[in-house]
Peer 1: 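Here it is: the structure, laid out below.
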Amino acid sequence: MTYCVGMLVEEGLAMIADTRTNAGVDNISSYRKLHVVNTPGERVLGVCTAGNLSVTQTALAMVRDGVHLHVGEPSETLETAPTLFRCAQLLGHALRETRLSIAPAMEADSLNTSASMLLGGQIAGGEMGLYLIYSQGNFIECGLDTPYLQIGELKYGKPILQSGLSSDTPLSTAIKLGLISFSTTMRCNVGVGSPFDMLTLRRDYLSGDERRIDKDDAYFTDLHEQWTRAQTAARRSMPEPPWMNGQV
């Protein structure tokens with residue numbers, strides 16, 4: 001299991017992905033699930049992956065080699081595609097073709113071949129965007145009403161983003177909310193864990209900041225502990241049910 005989130009606000013974009021992959025409680029490994037194309041001044045793209053690891057790795061390798069979307073057209077990669085929408089098409093095509101080619105053999109052994117991706121970033125001359133790409137190759141674009149997209153183990157972190165994030169949220173606050181959603185998810189599912197990889201990109205700046213947040217990262221540790229204390233204090237401040245105190 002994994003957890004990835006992309007948050008698109010007026011100020012910019014932040015994408016965060018964990019690195020934990022497990023095939024049982026005694027078989028836990030770490031794999032990078034945030035893949036970045038960073039050509040300062042020209043394009044910055046982030047791709048987060050969730051689901052079957054062999055499917056997503058094969059699809060990414062296919063895109064790196066080049067994808068022919070139509071017969072007679074030259075192959076394209078994330079480094080050469082002219083628009084972010086085209087990049088989403090390339091990833092969707094590769095994901096669908098990979099699943100179609102390997103699904104029969106894997107499903108015969110009762111292996112789940114589902115996978116999904118988040119694509120976010122900006123290419124010079126185009127708008128910043130964020131897409132969720134499904135196993136079938138189709139995709140949706142992030143909108144202003146819900147300025148985030150998630151894949152993987154999303155249910156535990158969703159309430160934090162749903163209640164606190166809006167399109168006019170400052171980018172630094174969006175990052176804080178994203179990390180709190182990871183803190184909450186880690187508490188509920190051992191299949192999600194640090195280190196986390198993060199890409200931050202300010203709108204029209206075209207130079208991304210990449211960083212890894214390890215388990216002993218001072219800021220994340222403090223955020224995790226403060227959020228825990230804040231939740232405890234909030235619960236204690238809530239009124240008790242009146243019928244438990246003999247009140248009407």
Peer 1: Which heavy atom of T77 sits nearest a heavy atom of R64, and at what distance?
Peer 2: CG2-O, 3.6 Å
Peer 1: Would I123 and C87 satisfy side-chain contact (heavy atoms from CB on, under 4.5 Å), going step by step from the backbone distance to the final call?
Peer 2: CA-CA 10 Å; I123 296 175; C87 291; 4.1 Å; yes
Peer 1: Quick one: do R187 and T228 satisfy side chain to side chain donor-acceptor pair (under 3.5 Å)? Show the steps, please.
Peer 2: CA-CA 10 Å; R187 285 185 180 278; T228 300; 2.3 Å; yes
Peer 1: Using the rule that two of Ile, Leu, Val, Met, Phe, Trp, Tyr join whenever any of their side-chain heavy atoms come within less than 4.5 Å, decide whether M117 and L34 are in one cluster.
Peer 2: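 No; tracing contacts between hydrophobic side chains, which count when under 4.5 Å, never links both residues.
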Peer 1: If we ignore hydrogens and angles and just use 3.5 Å, is the side chain of T221 paired with the main-chain N or O of A218 as donor and acceptor?
Peer 2: no
Peer 1: Are the side chain of T56 and the backbone N or O of L53 linked by a donor-acceptor pair below 3.5 Å?
Peer 2: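 Answer holds: yes.
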Peer 1: Does one hydrophobic cluster hold both I180 and L154, with members joined at side-chain heavy-atom distances below 4.5 Å?
Peer 2: yes
Peer 1: Inspect the surroundings of CZ in R211 and state if more than 12 heavy atoms from other residues, nucleotides or ligands are less than 6.0 Å away.
Peer 2: no
Peer 1: Rounded at 0.5 Å granularity, tell me how far CG in L45 sits from CG in L84.
Peer 2: 6.0 Å
Peer 1: Below 4.5 Å, heavy atoms only, C-beta onward: do V44 and L199 meet side chain to side chain?
Peer 2: yes
Peer 1: Does the Q231 side chain pair with the main chain of R235, one donor and one acceptor, at a distance under 3.5 Å?
Peer 2: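 Looks like no, no N/O pair under 3.5 Å.
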Peer 1: Which heavy atom in M62 sits nearest to a heavy atom in V67, and how many Å separate them?
Peer 2: O-CG2, 3.9 Å
Peer 1: Donor-acceptor pair, distance only, cut-off 3.5 Å: does the side chain of R43 make one with the backbone of A81?
Peer 2: yes
Peer 1: Give a yes or no on whether M7 and L118 share a hydrophobic cluster (residues Ile, Leu, Val, Met, Phe, Trp, Tyr; joining criterion: side-chain heavy atoms under 4.5 Å apart).
Peer 2: no
Peer 1: Check whether any side-chain heavy atom of L60 lies under 4.5 Å from a side-chain heavy atom of L91, and answer yes or no.
Peer 2: yes
Peer 1: Answer yes when D18 and K33 have at least one side-chain N-carboxylate O distance shorter than 4.0 Å, and no when they do not.
Peer 2: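 Yes, D18 and K33 are salt-bridged.
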Peer 1: Any side-chain heavy-atom pair from M15 and L130 closer than 4.5 angstrom?
Peer 2: yes
Peer 1: Counting only pairs under 3.5 Å, give me each side-chain donor-acceptor contact of residues 138-149, with atom names and distances, residues two or more places apart or in other chains.
Peer 2:
unit_1, atom_1, unit_2, atom_2, d
Y148, OH, K158, NZ, 3.3
Y148, OH, Q162, OE1, 2.6

Peer 1: Which heavy atom of I151 sits nearest a heavy atom of C48, and at what distance?
Peer 2: CD1-O, 3.7 Å
Peer 1: Hey, is OH on Y156 packed in by over 12 heavy atoms from elsewhere, all under 6.0 Å?
Peer 2: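 Count over threshold, so yes.
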Peer 1: Is it the case that atom CZ in R96 sees more than 12 heavy atoms from other parts of the structure closer than 6.0 Å?
Peer 2: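 Enclosed: over 12 neighbouring heavy atoms sit under 6.0 Å from CZ of R96.
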Peer 1: Please confirm whether the backbone N or O of E10 pairs with a side-chain atom of R203, one donor and one acceptor, at under 3.5 Å?
Peer 2: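 Answer holds: yes.
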Peer 1: For A14, is there any backbone N or O sitting under 3.5 Å from a side-chain donor or acceptor partner on T200?
Peer 2: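 No; judged by distance alone, with no hydrogens or angles, the pair does not exist.
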Peer 1: Describe, in one word, how the ring planes of Y3 and F182 are oriented to each other, choosing from parallel (under 30°), tilted (30 to 60°) and perpendicular (over 60°).
Peer 2: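 Ring orientation, 0 to 90° scale: tilted.
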Peer 1: Could you tell me the separation between the CD1 atom of I175 and the OG1 atom of T169, rounded to the nearest 0.5 Å?
Peer 2: 12.0 Å
Peer 1: Got a salt bridge between E153 and K155, using NZ or NE/NH1/NH2 to carboxylate O under 4.0 Å?
Peer 2: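 Yes, this pair counts.
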Peer 1: Given side chains that start at C-beta, do those of V47 and L78 come closer than 4.5 Å, heavy atoms only?
Peer 2: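 Yes, at least one pair of side-chain atoms sits under 4.5 Å.
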Peer 1: Just how far is it from atom CG of D222 to atom CD of E225, taken to the nearest 0.5 Å?
Peer 2: 6.5 Å
Peer 1: Look at the side chain of T184 and the backbone N and O of G157, then say whether any donor-acceptor pair between them is shorter than 3.5 Å.
Peer 2: no
Peer 1: Over all heavy atoms of both residues, which pair between L177 and G164 is shortest? Give the atoms and the distance, please.
Peer 2: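 Heavy-atom minimum between the residues: CD1-O, 3.4 Å.
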Peer 1: Grab the two heavy atoms, one from C4 and one from T49, that are nearest each other, plus how far apart they are.
Peer 2: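 The answer is SG-O, 3.6 Å.
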Peer 1: Does any pair with a residue in residues 50-82 pass ring pair (Phe, Tyr, Trp, His ring centres under 6.0 Å), and if so which ones, sequence neighbours excluded?
Peer 2: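 Passing the test, one end in residues 50-82: no pairs.
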Peer 1: Rounded to the nearest 0.5 Å, what's the gap from CD on E42 to CD on E79? Could you check?
Peer 2: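 If we round to the nearest 0.5 Å, E42:CD and E79:CD are 9.5 Å apart.
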Peer 1: Working to the nearest 0.5 angstrom, can you tell me the gap between L165 CG and K176 NZ?
Peer 2: 12.0 Å
Peer 1: Rounded to the nearest 0.5 Å, what separation is found between the CE atom of M186 and the NE2 atom of H224?
Peer 2: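 Between M186 CE and H224 NE2, I get 6.5 Å after rounding to 0.5 Å.
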Peer 1: Work out which heavy atom in L201 is nearest to a heavy atom in S207; give both atom names and the distance.
Peer 2: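 In this case the closest contact between L201 and S207 is CD1-N, 3.7 Å.
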Peer 1: Identify whether L132 and L90 are in the same connected component of the hydrophobic contact network (ILVMFWY, side-chain heavy atoms under 4.5 Å).
Peer 2: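 Unlinked, L132 and L90 end up in two clusters.
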Peer 1: Under 3.5 Å, side chain of T58 to main-chain N/O of S54, donor-acceptor pair present?
Peer 2: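 Yes: the side chain of T58 pairs with the backbone of S54.
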Peer 1: Applying the 4.5 Å side-chain criterion to the ILVMFWY set and letting contacts propagate, would Y219 and I160 be lumped into a single cluster?
Peer 2: yes
